[in-house]
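Numbering of residues begins at 1 and proceeds along the displayed sequence. In listed order, ligands and their atoms are each counted from 1. What you see is a predicted model; the values in this text were computed from it and never measured.
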Amino acid sequence: MECSSCSKKAVYSNQGRSYCKDHFLNYFERKVFRTIRKFSLIKHEDKICVAASGGKDSLAVLYMIMLYCKKYNIDFFALNIDEGIADYRNHTINDLKKFCKKYNITYNIISFKERFGFTLDELIKKGIEKGKKPCTVCGILRRTLLNRGARELGATKLVTGHNLDDESQAYLMNLFLGSMKHSAALGPITGFNVNNKFVPRIKPLYFISEKETRLFAFLKEFDVHFSECPNIELSFRAKVRDKLNELELLRGGTKNGIVNAFLEVLPTLKEKYKNTKSFDYCEKCGDPCAGKICNACVLEEELCQT
Ligand code: SF4
């Protein structure tokens with residue numbers, strides 16, 4: 001198949017258009033920059049922290065943020081959370097270090113072990129008998145450390161590598177759980193209440209699919225492991241992901257349709273829930289929290305006591 005814009009061999013097709021390598025890379029970059037501008041994700045005075053696990057999504061978003069921030073002279077750096085997942089995270093951290101060295105990007109690493117006293121692997125063992133799922137433990141503690149780390153390092157925005165697949169999965173999962181309130185906090189810029197201890201999260205890859213990110217990382221020859229976290233298969237998200245991929249194969253554009261439909265109702269959801277979830281501060285750690293004690297402190301009490 002030929003590229004729709006030149007006579008070179010196509011490497012990708014989407015919605016009736018085909019792209020050769022150069023036109024695909026151009027399409028990818030334009031799409032990301034357009035998302036940043038359309039939703040005003042980054043302002044000139046921002047200091048940007050990129051949550052970078054070292055996986056392909058985070059390296060793709062880190063690369064795009066590097067291009068954008070260099071173009072507009074905006075300060076940025078990478079932040080990695082080392083959960084402590086044996087034979088997985090150590091590889092992606094090595095990939096991140098190599099990437100940052102190659103592009104001269106400042107990076108920081110914060111670990112579960114150093115902040116909570118245990119690795120995720122150790123916490124999972126403790127949590128199994130209490131019925132805790134690995135991704136629940138990991139998600140709560142990682143989100144907390146990302147926010148703390150970004151704040152401690154002076155960031156005003158936290159970039160994540162969430163893409164179209166992640167967002168459509170999250171919206172569907174909230175629908176299945178009957179939790180529209182949680183969906184009100186989704187979108188290209190996360191959160192619906194202002195809190196000075198919460199660093200707003202932004203998603204420049206919001207309209208980019210998993211397949212596109214994978215191809216981008218491959219074509220840019222990022223030195224990256226494409227393996228998945230060993231815990232993902234135990235999660236509800238993995239089931240939703242697989243079903244959604246089946247639907248996308250049956251009807252191309254399904255994920256786009258879900259996210260675009262969600263964006264239509266998002267302003268209504270934000271309006272509806274803006275006063276129902278007032279943030280306060282955790283009585284134990286002082287971080288932003290919807291109740292008296294934040295989820296991370298509750299988990300710490302349950303799992304991190306020796
Ligand atoms: Fe953490 Fe689950 Fe993601 Fe693995 S798959 S990094 S355990 S949230």
Any donor-acceptor N or O pair under 3.5 Å, side chains Gln169, Arg237: yes
Relative to each other, are the rings of Phe116 and Phe112 parallel, tilted or perpendicular (30° and 60° limits)? perpendicular
Taking both backbone and side chain into account, is any N, O or S atom of Cys138 nearer than 2.8 Å to atom 2 (Fe) of ligand 1? no
Taking 2.8 Å as the cut-off, does an N/O/S atom of Cys229 lie below it from atom 4 (Fe) of ligand 1? yes
Numbered in order shown, the ligand 1 atoms found under 4.0 Å of a heavy atom of Asn231 are 7 (S)
Could you tell me whether Glu212 and Lys31 have a side-chain N and a carboxylate O separated by less than 4.0 Å? yes
Heavy-atom gap Glu228 to ligand 1 smaller than 4.0 Å: no
Residues Asp87 and His91: side-chain donor-acceptor under 3.5 angstrom: yes
Which protein non-hydrogen atom lies closest to atom 8 (S) of ligand 1, naming both residue and atom, and how far is it? Arg142 NH2, 3.3 Å
Does the side chain of Lys255 pick up a donor-acceptor pair with the side chain of Asn245 at under 3.5 Å? yes
Atom 2 (Fe) of ligand 1 sits nearest the protein heavy atom Cys135 SG, 2.3 Å
